[in-house]
Amino acid sequence: MRRRSAAGVPLVDLMEKRHGRMHYSRLCLLAALSAFFWLCLLYFHFMVIGNDGIADSSPRLEHFSINAKSVNTLPVNPNPSPVSRSTGILKDRAGDQEKSNNVIHRPQEERQTYSFVRALRTVENKSDPCGGRYIYVHDLPSRFNEDMLKECRSLSLWTNMCKFTTNAGLGPPLENVEGVFSNTGWYATNQFAVDVIFSNRMKQYECLTNDSSLAAAIFVPFYAGFDIARYLWGHNISTRDAASLALVDWLAKTPEWSIMGGKDHFLMAGRITWDFRRLSDQESDWGNKLLFLPATKNMSMLVVESSPWNANDFGIPYPTYFHPAKDADVIIWQDRMRKLERKYLFCFAGAPRPGNAKSIRGQIIDQCKNSAVCKLLECDFGESKCHSPSSIMQMFQSSLFCMQPQGDSYTRRSAFDSMLAGCIPVFSHPGSAYIQYTWHLPKNYSVYSVFLPEDDIRKNVSIEQRLSQIPAERVKEMREAVINLIPQLIYADPRSKLETFRDAFDVAVSAVIDKVTKLRKDTIEGRRDDDFIEEISWKYDLLGEDRAAGPHEWDPYFSKPKKDG
């Protein structure tokens, strides 16, 4: 059989066979191209678009969600630089912090990593009255607070503090025998009992939270004032420092501390700052070194007298004798102070300081004795009317002006007792009030007080003449300003809560929250305070950041740190 040639094959059959082969090849080609296309598309999606998509889907500041795995904490500097009083931002002279955090160069990415963003966002919840105001309180071991009250007899070498720690720290009630007080709300409160008063007020704070990630600030209920009071006399530095060192060691182990290195923490140390600023480790030096510890330099420390040259403490009022339980008690007292007849132009309660050549108390006492319009209560270490709250308040209520020179330190509890009585304070040193209580007192001191410089009194300028030259209408305005300040200078009864008034506790807590909130926002936005000068700390809250570095009339008063405290 012969093989047929192709020419013998019908044309249709030949075309069909060729077309089938061509169709098969085209299908293979199309399949290969399709597979290649999808492989390229998938590669492009996952390797190029996918990475950007992941970044874009990360939570931004405006739409933040947080979980335990996504938290990235701020770096903690074991040797922190000074903290700005105004913002709390650490000063980093080397400038390395900015580069390591990439805050300036990648702010959008960095702001996603701060766990405190959740707390900041609570402000946006308009239905939450506590938004932006939550406080988390550390549950400290009882040795840091309550155990001290159980050993109240050891809290002071000179005074039995047991009676002063009763009634939530207010002390025993005062009887209104002479009609000087109100019938309720008055207590024999010790001037250094604010540790326990403040902590008990915190227990009644309306925005406490057990979730520290919501907290605008974190409170440390350490009775620092009571702690050091036990050991100021006759104890070595190891004993004086023991509780403070144990506290910072305990705090450093908590997750809350690691978030901001303590910059969102605050503590009430209810004595003057110099009790916590021992300058050396010599046994003869005064106090402990609580406020010099690296960890506490990050915290906000509330004291009844702060240091002009240090940034980690803030002055709040001494406690007075008045602790109202309701708003009506405050209003009634204010109205009563407005209506009082004041027969004395000025008054002074205190003792001279013959061992202090710079003290002006002797000159004030001499001028008061020689004036028919001055009321004097001379104090000594024995029994005197200076130890009687009734006698003191009666004198203040009968005077237009109350002399408030420096005490053993810059400040005096007497200044707040006098303002409680509607008496216009006369200060002779700016460290006695003006740079101390910028949260609680107007920065324009002339609104509520008179400044009569120490040098004028040393030169025997007549106090009576100077005060009598103030117009009667001006005196009336100043007295009204003082009376209006009363609610924010007193501590309400810790067992109750004022409804419309903000007391000294409320003002202090609000100021701390504002400080921490500003710090957090500045941290997120990469704003820094590299020009902060700690040695002129007193200027920042008083004058503002823009004016602090410039000259001021009070510079001579604070030209050198007070070495002896």
Side-chain angles (χ1 to χ4, degrees), residues 173-189 317-349 368 371-377 385-386 388-404 413-427 433 440-442 444-450 463-464 467-493 496 498-504:
L174 288 172
E175 295 183 6
N176 192 21
V177 177
E178 300 180 34
V180 177
F181 314 126
S182 308
N183 290 327
T184 59
W186 289 79
Y187 298 83
T189 304
Y318 286 86
T320 65
Y321 301 113
F322 186 39
H323 306 281
K326 55 184 182 297
D327 290 22
D329 296 340
V330 180
I331 296 171
I332 292 171
W333 180 256
Q334 288 177 304
D335 289 341
R336 180 177 169 184
M337 293 304 98
R338 290 186 180 99
K339 297 173 183 177
L340 286 177
E341 292 292 331
R342 300 176 185 266
K343 60 182 179 180
Y344 297 106
L345 177 65
F346 67 107
C347 68
F348 177 64
C368 192
S371 173
V373 292
C374 182
K375 174 68 174 176
L376 177 65
L377 278 182
K385 291 185 177 181
C386 282
S388 166
S390 180
S391 298
I392 293 172
M393 291 303 295
Q394 190 173 46
M395 181 188 71
F396 290 156
Q397 291 174 29
S398 64
S399 305
L400 289 174
F401 297 95
C402 293
M403 304 301 297
Q404 298 295 345
R413 175 225 177 109
S414 173
F416 295 98
D417 289 332
S418 66
M419 287 188 278
L420 174 61
C423 188
I424 301 166
V426 180
F427 297 109
H440 295 80
L441 293 174
N444 181 3
Y445 65 85
S446 63
V447 170
Y448 70 95
S449 72
V450 174
I463 299 172
E464 178 181 337
L467 296 178
S468 62
Q469 290 174 347
I470 302 175
E473 188 61 29
R474 176 66 183 142
V475 172
K476 183 178 179 181
E477 292 173 355
M478 295 170 71
R479 184 168 68 249
E480 181 64 20
V482 169
I483 293 172
N484 287 335
L485 286 171
I486 288 175
Q488 64 198 55
L489 302 181
I490 59 177
Y491 295 90
D493 192 320
S496 60
L498 301 181
E499 295 298 327
T500 60
F501 290 116
R502 296 202 313 162
D503 71 345

Note to self: To check you understand the geometry: which heavy-atom pair defines the closest contact between Pro324 and Val330, and what is its length?
What the structure shows: CG-CG2, 3.5 Å

Checklist line | Separation of Ile490 CD1 from Thr189 OG1 (nearest 0.5 Å) | finding: 11.0 Å

Checklist line | Close side-chain approach of Pro425 and Tyr448, heavy atoms under 4.5 Å | finding: yes

Notebook entry, point to check: Closest heavy-atom contact between Ser391 and Leu377?
Noted result: O-CD1, 3.9 Å

Checklist line | Working for salt bridge (Lys or Arg N to Asp or Glu O under 4.0 Å), residues Arg338 and Glu480 | finding: CA-CA 7 Å; Arg338 290 186 180 99; Glu480 181 64 20; 3.0 Å; yes

Next item on the list: Begin from the C-alpha positions of Leu441 and Leu489 and carry the test side chain to side chain contact (heavy atoms under 4.5 Å, CB included) through to its verdict.
Entry: CA-CA 8 Å; Leu441 293 174; Leu489 302 181; 3.8 Å; yes

Next item on the list: Report yes if the side chains of Lys326 and Glu499 come closer than 4.5 Å at any heavy-atom pair, otherwise no.
Entry: no

Note to self: Can you tell me how far apart CD (Gln334) and CG (Asn484) are? Round to the nearest 0.5 Å.
What the structure shows: 6.5 Å

Check: Looking at His440 and Ala504, what are the two nearest heavy atoms and their distance?
Finding: NE2-O, 3.0 Å

Note to self: Arg474 vs Glu477, test: salt bridge (Lys or Arg N to Asp or Glu O under 4.0 Å). Steps then yes/no.
What the structure shows: CA-CA 5 Å; Arg474 176 66 183 142; Glu477 292 173 355; 3.6 Å; yes

Check: Mind checking whether Gln488 and Asp503 have side chains closer than 4.5 Å, heavy atoms only?
Finding: no

Item checked: Non-neighbouring partners of Phe346 that pass ring-ring contact (aromatic ring centres under 6.0 Å, His included), sequence neighbours left out -> none

Note to self: Run the side chain to side chain contact (heavy atoms under 4.5 Å, CB included) test on Leu420 and Met393 for me, step by step, so that the C-alpha distance in whole Å, both residues' side-chain angles and the decisive distance to 0.1 Å come before the verdict.
What the structure shows: CA-CA 9 Å; Leu420 174 61; Met393 291 303 295; 4.0 Å; yes

Notebook entry, point to check: Are side-chain heavy atoms of Phe401 and Val475 found at a separation under 4.5 Å?
Noted result: yes

Notebook entry, point to check: Out of curiosity, Asp327 CG to Leu498 CG, how far, rounded to the nearest 0.5 Å?
Noted result: 5.0 Å

Next item on the list: Evaluate disulfide bond (SG atoms under 2.5 Å apart) for Cys368 paired with Cys347, printing each intermediate quantity in order.
Entry: CA-CA 7 Å; Cys368 192; Cys347 68; over 6 Å; no

Checklist line | Tyr187 side, atom OH; Phe322 side, atom CZ - distance, nearest 0.5 Å | finding: 10.5 Å

Next item on the list: Tell me, with the steps shown, if Thr320 and Asp417 meet side chain to side chain donor-acceptor pair (under 3.5 Å).
Entry: CA-CA 6 Å; Thr320 65; Asp417 289 332; 4.9 Å; no

Next item on the list: Could I get the full list of salt bridge (Lys or Arg N to Asp or Glu O under 4.0 Å) partners for Arg336, not counting sequence neighbours?
Entry: none

Margin query: Quick check: closest heavy atoms across Ala188 and Tyr321, and the distance to 0.1 Å?
Written below: CA-CD2, 4.3 Å

Margin query: For a 4.5 angstrom cut-off between non-hydrogen side-chain atoms, does Ser398 reach Arg342?
Written below: no

Item checked: Check: Ile463 and Met403 side chains under 4.5 Å, non-hydrogen atoms -> yes

Next item on the list: Give a yes/no on whether the SG-to-SG distance for Cys423 versus Cys402 is below 2.5 Å.
Entry: yes

Between side-chain atoms of residues 177-185 and protein atoms elsewhere (two or more places apart, or another chain), which donor-acceptor pairs fall under 3.5 Å?
residue, atom, partner, partner atom, Å
Ser182, OG, Trp186, NE1, 3.3
Asn183, OD1, Asn176, ND2, 3.3

Note to self: Using the rule given for side chain to side chain contact (heavy atoms under 4.5 Å, CB included), can you reason through Ile483 versus Met419, listing the C-alpha separation, both sets of side-chain angles and the distance that settles it, and then say yes or no?
What the structure shows: CA-CA 7 Å; Ile483 293 172; Met419 287 188 278; over 6 Å; no

Item checked: Spatial distance of atom CD1 (Ile470) from atom CG (Leu345) [nearest 0.5 Å] -> 8.5 Å

Next item on the list: Show the numbers, then the answer: is there a side chain to side chain contact (heavy atoms under 4.5 Å, CB included) between Glu464 and Val373?
Entry: CA-CA 8 Å; Glu464 178 181 337; Val373 292; 3.6 Å; yes

Notebook entry, point to check: How far apart are the closest heavy atoms of Leu376 and Met395, and which atoms are they?
Noted result: C-SD, 4.4 Å

Item checked: Separation of Ile424 CD1 from Ser418 OG (nearest 0.5 Å) -> 10.0 Å

Next item on the list: Please check if atom CD in Glu175 has more than 12 non-hydrogen atoms from other residues, nucleotides or ligands closer than 6.0 Å.
Entry: no

Note to self: Contact between Ser414 and Gln404 at the side-chain level, heavy atoms closer than 4.5 Å - yes or no?
What the structure shows: yes

